[in-house]
Each structure stands twice: as C-alpha cells, then as structure tokens.
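Throughout, residue positions are numbered sequentially from 1 according to the sequence presented. Here the structure is a predicted model, which means the values were calculated and not measured.
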Amino acid sequence: MTTRARGSGESFVPLPCRLSGGQVIGNEPRFGPAPVGNTGAEPGNRPLVLVSVLGIIVVGVLWIGILGKVFTGGSRVVQGVPLAVGEQTEQTEPATPADISRNPLLSPGREVTAAQCSLPALGTTAPELEAFYREGLVCLDKAWTPVLRAVGKPMVSPKLSIADIPKAKCGVSPTEEEALAFYCNRDRTIYMPRDRLMRAAGDSAPYHLAVLGHEYGHHVQALTGILSAAATQEDTEDEEAALTVSRRTELQANCLSGLFLDAARRGGALESDFVDEAVDSFGDTLSSDTHGSRRNQLEWAERGAKGGTTASCDTWSASTTDVE
C-alpha cells in the first residue's frame, strides 16, 4: 500500500522492502568441486568437457559475488508487499472490492459496544497529550474488543508514538506535507506526531480524538485482514483504480471512527456536542485523490456517527460516486 504516503490517517505500506547484510532467503547454495586433472573423457569430447568446466566456473563466480554482497553488508531489493504480523502472507489471487465487502467485519455487521470510559482534559504538553491519547486508546479498545471477538479475530491493542520524527517499521515515514498522522501495520503502531497535530488541531480535543479514531480504524482493518487485502488489490491495479481502492480504505476508516464516537456517546463517555464537533472535523479538510472529496470524507464519518453496525461502513460495495 512504490512507497505510497498517505495523508491524515493514512495506512503506510512501502514497496519495495530492503534486506541488508547477513540475511539469506531460502537455503544457501552448495557447489561440488569442479573437475580437475584427467577426467577420463575421450579426446573427441574434450571441447564439451571444456565448456562444462567453464560453465561451472562462471556459475561459481556469480554465486560468490552474490554471497559476498550479502555477507559483507551489501543490500538487495525484495519486491513485494510487507504484510502485518499475524496476517495472511500469501494470496494466490488479489481480493476484489466485492471480496472485501464479504469480510466478517462487514457482513452481516456488528454493533460497536457502548464505551464506558473517561478521558482527561486535553493538555498541550507532550506528557499531557500522550495521556489523552492513551486514555482514548483505552476507550477504543473497550468499544472494539467485543466486535473483533465476535468475528473471530484476536484483540491486539495498538502501540502509540507521538514522536515528532517518527521511526516506523514501514519504511521512510511520511513528511508533514504527506500525512498528519498514520498507522503502520508492520509494527501495529499509531503514529501521532505531536507538533503536527498541535499545528493542525490546536487544543481541540474532539479533533484530536477524531484523528485517533481514524487511525484506530486502520488498526481494526489490519486485525480483520481488510488492510492487507486492500494493499494487495491496490498493488495490482493501474493508478486510477489503485486510487479508488485507497479512497475506499480511507473513507472506511472515517466511518469506523464515527462508529466509535457514537458508541462513546451512548456509553456516556462523550457529550453529543463533543461528538458533533469531532465528526465535523472530517469536513475540515481538502479533497484528495487518496482520501476522497471533502463531501465524502464528512459523509462517511457521519454514516458511522449515526449508529447502526459495521455494515454501515461497507465502502467496498459503495458506488464509485460515494467514494470519489
């Protein structure tokens, strides 16, 4: 999911993956000694023997060069999509949008549990902001754990980083111009760079929680296999079709954030005004080829916030107009 940097709330999956120094894939090749001295061949067969010997020497030299790069710290590029830990690592055929829409998370759909939790007041220092995010993750875990268990998926809480210079395992982290926040499925971490968020959201707690909920939505997609299926599909399409897959992924994360905000409201953790402001923040953005039009970004967040089930967030069977 070429490395494609995503904007606010983008899942970040790099291509290609680079292996450096001391790593060998598969079994190390073994070679027998090349024949030396008298081979016992008839004089008429000596040209054939000579060609054979030269062939073995050439192959041996090539392998020495390859192994020398590996064991002396050289690097080589391995093409492929690095999937998250615990997800399917081999797919004989890419999943189509219709396939993804049949994911157990979306069909027949599950109601998100009313979250009974509490959030501290939003502070602007690094410790205060991190404390707010961590309590937000507690609320998100409470809301989504029953859903994941109901569809037969294990619950794994995501890690959190607010570092201003993120170091994700998904490759080179996106710049502020490329992404406000992002989720890396290789290390199961939500990256919320503090300086970026403070410049964009200021001291608006609803805005910060909406972004966190969107990134957690990508975590839910990762745990249910949607994110890896989408990444594989995106990688096999031409540019226009790949952008459509990206928008379906991102708009679904908006909707999943909206579902959580509604669950927190039903559980008494959030006031209605807080939820309304959080949802409205999804419309406080620019239209994007990867994330969708401003109208659709807000529309899918509102679909989730209106309640219902996870089936309400099935962007994969939605019309092209709904995911423009």
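Between the OG1 atom in Thr224 and the CH2 atom in Trp144 there is a gap of 9.0 Å [rounded to 0.5 Å]. Between Asp284 atom CG and Leu298 atom CG the span is 10.5 Å, to the nearest 0.5 Å. Expressed to the nearest 0.5 Å, how far NZ of Lys159 lies from OG1 of Thr189 amounts to 4.5 Å. We find the NE2-CG distance between His214 and Leu180 to be 10.0 Å, quoted to the nearest 0.5 Å. Rounded to the nearest 0.5 Å, atoms CG (Asn254) and OG1 (Thr285) are 9.0 Å apart. Atom OG1 of Thr244 is separated from atom CD of Glu324 by 9.0 Å, given to the nearest 0.5 angstrom.
For CD of Glu128, the number of neighbouring non-hydrogen atoms (other residues, nucleotides, ligands) closer than 6.0 Å is greater than 12. Within a 6.0 Å sphere centred on CD of Glu271, other residues, nucleotides and ligands contribute 12 heavy atoms or fewer. More than 12 heavy atoms of other residues, nucleotides or ligands lie within 6.0 Å of CZ in Arg199, so this atom counts as buried by the packing criterion.
Residues Ser312 and Trp300 approach most closely at O-CZ3, 3.5 Å, considering heavy atoms. Shortest non-hydrogen contact noted between Val112 and Thr310 is CG2-CG2, 4.4 Å. A pairwise comparison of heavy atoms in Leu137 and Pro158 identifies CD2-CG, 4.1 Å as the closest pair. Closest non-hydrogen pair, Pro120 versus Ala131, comes out as CG-O, 4.1 Å. Tyr133 approaches Ile162 most closely through the heavy-atom pair CD1-CG2, 3.7 Å. The shortest non-hydrogen separation linking Thr125 to Arg194 is C-NE, 3.7 Å.
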(message) Run the side chain to side chain contact (heavy atoms under 4.5 Å, CB included) test on Leu209 and Leu261 for me, step by step, so that the C-alpha distance in whole Å, both residues' side-chain angles and the decisive distance to 0.1 Å come before the verdict.
(response) CA-CA 9 Å; Leu209 189 61; Leu261 292 168; 4.1 Å; yes

(request) Assess whether salt bridge (charged side-chain N to carboxylate O under 4.0 Å, His left out) is satisfied between Glu130 and Arg134, documenting all intermediate values. (result) CA-CA 6 Å; Glu130 183 170 1; Arg134 291 199 180 282; 2.8 Å; yes

(message) Using side chain to side chain contact (heavy atoms under 4.5 Å, CB included), reason through Leu259 and Cys313 one step at a time and then give a plain yes or no.
(response) CA-CA 9 Å; Leu259 279 179; Cys313 297; 3.6 Å; yes

(message) Using side chain to side chain contact (heavy atoms under 4.5 Å, CB included), reason through Ile190 and Ser161 one step at a time and then give a plain yes or no.
(response) CA-CA 6 Å; Ile190 292 174; Ser161 170; over 6 Å; no

(request) Evaluate the criterion side chain to side chain donor-acceptor pair (under 3.5 Å) for residue pair Glu135 and Ser118; output intermediate values, then yes/no. (result) CA-CA 7 Å; Glu135 288 303 315; Ser118 60; 5.2 Å; no

(message) Determine whether Arg265 and Asp276 satisfy the following criterion, salt bridge (charged side-chain N to carboxylate O under 4.0 Å, His left out), listing intermediate values before the conclusion.
(response) CA-CA 10 Å; Arg265 173 169 46 194; Asp276 292 341; 3.7 Å; yes

(request) Determine, step by step, whether Glu234 and Leu243 satisfy the side chain to side chain contact (heavy atoms under 4.5 Å, CB included) criterion, reporting the C-alpha distance in whole Å, the side-chain angles of both residues, the deciding distance to 0.1 Å, and the verdict. (result) CA-CA 8 Å; Glu234 197 172 335; Leu243 287 172; over 6 Å; no

(request) Kindly determine whether Ser157 and Asp141 satisfy side chain to side chain donor-acceptor pair (under 3.5 Å), including the steps that lead there. (result) CA-CA 7 Å; Ser157 297; Asp141 282 350; 2.7 Å; yes

(request) Show your reasoning for whether side chain to side chain donor-acceptor pair (under 3.5 Å) applies to Asp99 and Thr96. (result) CA-CA 5 Å; Asp99 294 329; Thr96 66; 3.1 Å; yes

(request) Check the pair Asp322, Ser319 against side chain to side chain donor-acceptor pair (under 3.5 Å), reporting the backbone distance first and the verdict last. (result) CA-CA 5 Å; Asp322 286 338; Ser319 68; 3.3 Å; yes

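Distance alone, capped at 3.5 Å, places no donor-acceptor pair between the Ser246 side chain and the Ala242 backbone. No donor-acceptor pair under 3.5 Å is formed between the side chain of Ser257 and the backbone N or O of Ala253. Formation of a donor-acceptor pair under 3.5 Å by the Asp289 side chain with backbone atoms of Arg247 is not found in this model. Not one N or O on the side chain of Thr145 forms a donor-acceptor pair closer than 3.5 Å with the backbone of Lys142. Between the side chain of Arg294 and the main chain of Leu286, no donor-acceptor pair closer than 3.5 Å is present. A donor-acceptor pair under 3.5 Å links the side-chain atoms of Ser228 to the main chain of Gly225, judged by distance alone. Not a single donor-acceptor pair under 3.5 Å links the side chain of Thr309 to the backbone N or O of Glu111. A donor-acceptor pair is defined here as one N or O able to donate and one able to accept, closer than 3.5 Å; such a pair exists between the side chain of Gln297 and the backbone of Gly292. Of the possible donor and acceptor atoms, one in the side chain of Thr236 sits under 3.5 Å from a partner among the backbone N and O of Gln233. With hydrogens and angles disregarded, no donor-acceptor distance shorter than 3.5 Å links the side chain of Arg188 to the backbone of Val156.
Using a 4.5 Å cut-off between side-chain heavy atoms of Ile, Leu, Val, Met, Phe, Trp and Tyr, with links allowed through other members, Leu122 and Leu119 fall into the same hydrophobic cluster. The same ILVMFWY cluster, assembled from side-chain heavy atoms under 4.5 Å apart, contains both Tyr207 and Leu160. Hydrophobic clustering of Ile, Leu, Val, Met, Phe, Trp and Tyr side chains at less than 4.5 Å, counting indirect connections, keeps Trp316 apart from Val323. Following chains of ILVMFWY side-chain contacts shorter than 4.5 Å, one cannot reach Leu251 starting from Val245, and the two form parts of different hydrophobic clusters. By the criterion of side-chain heavy atoms lying less than 4.5 angstrom apart, applied directly or through intervening Ile, Leu, Val, Met, Phe, Trp or Tyr residues, Leu227 is grouped together with Ile100 in one hydrophobic cluster.
No donor-acceptor contact under 3.5 angstrom links the side chains of Glu250 and Thr290, judged on distance only.
The shortest distance between side-chain heavy atoms of Glu176 and Asp195 does not fall below 4.5 Å. Inter-residue side-chain proximity for Arg196 and Pro166 is flagged as met; some heavy-atom pair is nearer than 4.5 Å. In this structure the side chain of Phe182 reaches within 4.5 angstrom of the side chain of Pro174, judged on heavy atoms. Within the 4.5 Å cutoff, the side chain of Leu129 has heavy atoms near those of the His208 side chain.
For the pair Arg303 and Asp314, the salt-bridge criterion is not met [side-chain N within less than 4.0 Å of a carboxylate O].
Aromatic ring orientation, His218 versus Tyr183: parallel (interplanar angle below 30°, classes split at 30° and 60°).
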